[in-house]
Amino acid sequence: MSIRFSPEEFEKLKRLLHVYEWGQRTLLTKLNIIQEDFKTFQETSPIEYIKGRIKAPESIAKKLHKNHIDLTADNVRVHLNDVAGIRIICSFAKDIHYLVDLLRAMPDVNILDERDYITSPKPSGYRSYHVIMEVPVFYSGKTESVTIEVQLRTEAMNFWASLEHKARYKYHDHIPQHLCDELVVCADKIAELDHRMFTIHEIISLINQ
């Protein structure tokens with residue numbers, strides 16, 4: 001069965017998604033300035049790249065339906081924090097908490113929630129740092145705040161998360177236990193690899209000094 005918003009609510013949702021996109025652009029501009037600052041005035045940058053995405057209406061509808069919430073634009077605003085998302089890929093795991101400190105210090109935005117899945121990974125092995133940020137958007141003579149989910153992870157963590165997402169999609173969120181176990185093993189090895197790569201980076205830095 002296809003899960004969709006009613007025509008009236010879909011029109012409201014389309015307008016709302018414009019506001020989320022503007023909020024995302026505002027935050028992306030701030031983050032890109034931080035990245036350019038590192039490249040221009042620092043010797044190295046902890047940020048490999050930054051990308052953003054807006055959830056598709058179909059995905060929004062499925063998430064509301066899954067949580068037994070009526071499909072309205074107002075409920076999207078109230079119940080979903082990840083309509084707009086930004087992913088920051090870091091060079092090393094140890095850079096992530098430093099960048100989170102920068103997010104906390106950023107003016108004109110509020111931190112609503114933080115989830116540290118680096119220090120305390122999920123049972124599945126998932127590692128990432130999630131920050132829910134509230135960003136003001138000025139349009140049509142008024143200011144409206146939207147929530148944006150920022151995820152910080154290394155390239156290796158991102159590769160693992162992408163693979164796990166494909167497995168969940170393939171098995172409709174019911175991954176066979178032997179594959180779950182293998183994913184946990186891979187996640188642990190990735191964490192070890194991230195640590196060893198950072199150690200090599202530190203040794204090279206000391207040699208250069």
Side-chain angles (χ1 to χ4, degrees), residues 16-39 42 44-60 62-63 76 79-106 108-122 124-137 145-169 173 183 186-187 189-191 193-195 197-198 201:
L16 180 60
L17 290 182
H18 282 299
V19 183
Y20 274 101
E21 184 180 354
W22 296 333
Q24 183 193 66
R25 272 196 250 162
T26 300
L27 187 53
L28 278 171
T29 297
K30 293 177 180 289
L31 293 172
N32 285 327
I33 289 172
I34 290 175
Q35 185 179 23
E36 289 179 20
D37 173 24
F38 280 117
K39 291 181 178 179
Q42 314 289 335
T44 59
S45 173
I47 300 174
E48 291 292 331
Y49 61 89
I50 304 169
K51 63 180 182 179
R53 66 104 184 96
I54 301 291
K55 264 189 186 299
E58 296 81 6
S59 297
I60 294 172
K62 287 179 181 178
K63 187 161 188 178
V76 171
H79 295 285
L80 300 186
N81 290 324
D82 62 346
V83 172
I86 293 175
R87 187 166 296 157
I88 303 174
I89 302 300
C90 303
S91 305
F92 303 103
K94 290 185 179 292
D95 293 328
I96 292 174
H97 289 94
Y98 170 63
L99 287 171
V100 170
D101 286 338
L102 291 183
L103 294 183
R104 295 192 190 107
M106 191 177 287
D108 303 324
V109 300
N110 293 320
I111 304 292
L112 300 181
D113 189 33
E114 296 182 34
R115 302 290 172 91
D116 185 356
Y117 300 119
I118 305 293
T119 305
S120 302
K122 290 185 178 183
S124 65
Y126 176 84
R127 286 170 169 83
S128 188
Y129 201 112
H130 293 195
V131 183
I132 304 298
M133 307 185 72
E134 187 178 52
V135 180
V137 180
S145 294
V146 296
T147 56
I148 298 174
E149 182 186 58
V150 180
Q151 297 178 353
L152 302 95
R153 58 178 67 153
T154 65
E155 189 72 84
M157 293 174 193
N158 194 50
F159 175 73
W160 183 96
S162 176
L163 181 62
E164 195 240 12
H165 178 76
K166 290 176 182 176
R168 287 193 178 279
Y169 180 80
D173 282 334
L183 283 167
C186 288
K189 289 185 179 297
I190 282 172
L193 178 62
D194 272 335
H195 176 72
M197 293 292 284
F198 181 77
H201 168 73

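In what follows, every heavy atom counts, from backbone to side chain, and hydrogens, waters and symmetry copies are set aside.
Remark: the backbone N or O of E134 is not paired with any side-chain donor or acceptor of T147 at under 3.5 angstrom.
Under the side-chain hydrogen bond (donor to acceptor under 3.5 Å, both in side chains) criterion, R53 pairs with no residue, sequence neighbours left out. Under the side chain to side chain contact (heavy atoms under 4.5 Å, CB included) criterion, K94 pairs with H195, F198, sequence neighbours left out. Qualifying side-chain hydrogen bond (donor to acceptor under 3.5 Å, both in side chains) partners for T119, counting only residues two or more places apart in sequence or in other chains: D116. For R127, the salt bridge (Lys or Arg N to Asp or Glu O under 4.0 Å) test picks out D188, with sequence neighbours left out. Listed by chain and number, the residues in a side-chain hydrogen bond (donor to acceptor under 3.5 Å, both in side chains) with E58 amount to none (sequence neighbours excluded). Listed by chain and residue number, R115 satisfy the side-chain hydrogen bond (donor to acceptor under 3.5 Å, both in side chains) test with D113 (two or more places apart in sequence, or in another chain).
The minimum heavy-atom distance between G125 and A187, with the atom names listed, is O-CB, 3.3 Å. Here the closest non-hydrogen pair linking I96 and T154 is CD1-N, 4.2 Å.
The environment of NZ in K189 is sparse: at most 12 heavy-atom neighbours from other residues, nucleotides or ligands sit within 6.0 Å. Enclosure of atom CE in M197 is not indicated, since only 12 or fewer non-hydrogen atoms of other residues, nucleotides or ligands lie within 6.0 angstrom. Heavy-atom neighbours of Y169 OH from other residues, nucleotides or ligands within 6.0 Å: at or below the threshold of 12. Remark: F38 CZ is packed, more than 12 non-hydrogen atoms of other residues, nucleotides or ligands lying under 6.0 Å away. Summarising the local packing, NE2 of H97 is surrounded by more than 12 heavy atoms from other residues, nucleotides or ligands at distances under 6.0 Å.
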Would you tabulate the side-chain donor-acceptor contacts of residues 82-93 under 3.5 Å, counting partners in other chains and residues two or more places apart, or write 'none'?
| from | atom 1 | to | atom 2 | distance (Å) |
| --- | --- | --- | --- | --- |
| D82 | OD1 | K63 | NZ | 3.4 |
| D82 | OD2 | K63 | NZ | 2.7 |
| R87 | NE | Q151 | OE1 | 3.2 |
| R87 | NH1 | N158 | OD1 | 3.4 |
| R87 | NH2 | Q151 | OE1 | 3.1 |
| S91 | OG | S45 | O | 3.4 |
| S91 | OG | E48 | OE2 | 2.8 |

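Residues in residues 154-164 take part in these salt bridge (charged side-chain N to carboxylate O under 4.0 Å, His left out) pairs, two or more places apart or across chains: E164-R168. Each side chain to side chain donor-acceptor pair (under 3.5 Å) pair with one or both residues in residues 21-31, not counting sequence neighbours, would appear here, but there are none.
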